[in-house]
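Report on the structure given below.
Owing to the predicted nature of the structure, the values given are computational and were not obtained by experimental measurement. Computation of the quantities below employed the complete heavy-atom set of this structure, encompassing side-chain atoms and omitting hydrogens, waters and symmetry-equivalent molecules. We're numbering straight along the sequence, starting at 1.
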Amino acid sequence: MQYVDSWVWLEYVLPGPHCKKAEVILRSIEEGGEKAVFSSLGLTEVYCQVVRSLGEMRAEEVCSIIESMHNLFVVPVNNDIAKKAAYYR
C-alpha cells in the first residue's frame, strides 16, 4: 500500500510538469494494481487549488472521483498520523 499526496491529484488535474507520472500512479490505483491511502487534509488541498483554478463544479467532480476510487482510502488525520506523516515529507 502506498500513500498518495495531494500533488499527485494536482499534477493530474491542473497539468503540471509531472502529470504523466501522476497519471501512471492514479491509473495503477484505479485498475487495482495498487492500493493507496490519501489523507483528508489532502482532500482539502486538492479542493482548494481546483476551486481557485477551475471552479467549484470541477472541484466537486474531482473530489467525487477521489472518494469513489475503490482502491484509494481517504483517511482522517489525527495527531499520531500527522506526526508520522512528517517522516514521509
Going from [atom1] on [X] to [atom2] on [Y], what distance comes out if it is rounded to the nearest 0.5 angstrom?
| X | Y | atom1 | atom2 | answer |
| --- | --- | --- | --- | --- |
| Asp5 | Ile25 | CG | CD1 | 10.0 Å |
| Leu14 | Arg58 | CG | CZ | 9.0 Å |
| Ile66 | Leu26 | CD1 | CG | 8.5 Å |
| Gln49 | Thr44 | CD | OG1 | 11.5 Å |

Under 4.5 Å between side-chain heavy atoms, counting indirect links through other Ile/Leu/Val/Met/Phe/Trp/Tyr residues: same cluster for [X] and [Y] or not?
| X | Y | result |
| --- | --- | --- |
| Val77 | Val74 | no |
| Leu10 | Val24 | no |
| Leu72 | Trp7 | yes |
| Met69 | Phe38 | yes |
| Val51 | Leu43 | no |

Item to check | CE (Met1) with more than 12 external heavy atoms under 6.0 Å | outcome: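 Correct, the count exceeds 12.
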Checklist entry - More than 12 foreign heavy atoms under 6.0 Å from CG of Asn79: is that the case here? => result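 Count not over threshold, so no.
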Item to check | Shortest non-hydrogen contact from Ser40 toward Pro76 | outcome: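 Of all heavy-atom pairs spanning Ser40 and Pro76, the closest is OG-CA, 3.5 Å.
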Item to check | Closest contact, heavy atoms only, Val4 versus Val8 | outcome: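 Looks like CG1-CB, 3.8 Å.
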Item to check | Set of residues satisfying side chain to side chain contact (heavy atoms under 4.5 Å, CB included) with respect to Glu34, sequence neighbours excluded | outcome: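 Applying side chain to side chain contact (heavy atoms under 4.5 Å, CB included) to Glu34 gives Gln2, Ser28, Ile29.
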Checklist entry - For Glu60, does its backbone N or O pair with a side-chain atom of Ser64 as donor and acceptor, under 3.5 Å? => result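 It does not hold such a pair.
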Checklist entry - Are Val46 and Val13 side-chain neighbours, meaning at least one heavy-atom pair lies under 4.5 Å? => result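 No, every pair of side-chain atoms sits at 4.5 Å or beyond.
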Checklist entry - How would you list all residue pairs meeting side-chain hydrogen bond (donor to acceptor under 3.5 Å, both in side chains) that involve residues 8-26, not counting sequence neighbours? => result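 For residues 8-26: Glu23-Arg27.
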